[in-house]
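Quantities reported herein were computed from a predicted structural model and do not represent experimental measurements. Values reported hereafter were calculated over all heavy atoms of this structure, with side chains retained and with hydrogens, waters and symmetry mates removed.
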Amino acid sequence: MILGSKILNNNNKREVQTGDYYRLVNPFENNNHVLWQFVSKDKKETVVCGVRLHSEANPHIYLLYPQGLDADMKYEDVVTGKVYTGAALMKAGLPLPLTTGDYQPIKFTFKAVER
């Protein structure tokens, strides 16, 4: 979890310390990436972290399926500004970013919006 702690920061402290934890991808069942998620108790904030273990040439598009969100709530990706419903995130998923090099970090942060 040392690498994971470098991905997280003080902005995510509340979710990590008091939120719900989900292991989205088990590293023992998928040998290319590992993903975990923290969701605040009020389901208004979530952070998904992970690591792409091995770089691939012409990689398969892997989808991330967050869990524990409110299906009716709208969530904004704080990096891109795109807004998704909780249902869309949990059912349709999001493609993981393509990375170069082994052991590259992955992070998504979503906050509930009133749009």
CG-CG distance between D70 and D42, expressed to the nearest 0.5 angstrom: 10.0 Å

Nearest atoms (heavy-atom pairs only) where V39 meets K43: CG1-CA, 4.0 Å

CD on Q37 to CZ on R23, rounded to 0.5 Å: 14.0 Å

Residue list, side chain to side chain contact (heavy atoms under 4.5 Å, CB included) with A87, at least two apart or on another chain: A71, T85

From CA spacing to verdict: side-chain contact (heavy atoms from CB on, under 4.5 Å), Y22, W36: CA-CA 6 Å; Y22 297 91; W36 58 93; over 6 Å; no

Criterion side-chain contact (heavy atoms from CB on, under 4.5 Å) on V113 and Y75, from CA distance to verdict: CA-CA 6 Å; V113 293; Y75 294 90; over 6 Å; no

Linked hydrophobic residues, F28 as query - side chain contacts closer than 4.5 Å: none

By side chain to side chain contact (heavy atoms under 4.5 Å, CB included) - contacts of T80 (at least two apart): D77, K82

Under 3.5 Å, side-chain donor or acceptor atoms of residues 50-68 against the rest of the protein: list the pairs with distances, not counting sequence neighbours.
| residue | atom | partner | partner atom | Å |
| --- | --- | --- | --- | --- |
| R52 | NE | T99 | OG1 | 3.3 |
| R52 | NH2 | P97 | O | 3.0 |
| E56 | OE1 | N32 | ND2 | 3.2 |

Shortest non-hydrogen contact from D20 toward K41: OD1-NZ, 2.7 Å

side-chain contact (heavy atoms from CB on, under 4.5 Å) assessment of N26 paired with V34: CA-CA 6 Å; N26 183 343; V34 58; over 6 Å; no

Validation row: K111, E76 side chains within 4.5 angstrom (heavy atoms): no

Result of checking V48, V79, V47 against K107 for side chain to side chain contact (heavy atoms under 4.5 Å, CB included): V47

Contacts of type ring pair (Phe, Tyr, Trp, His ring centres under 6.0 Å), residue Y84, not counting sequence neighbours: none

Side-chain donor/acceptor of T46 to backbone N/O of F110, under 3.5 Å: no

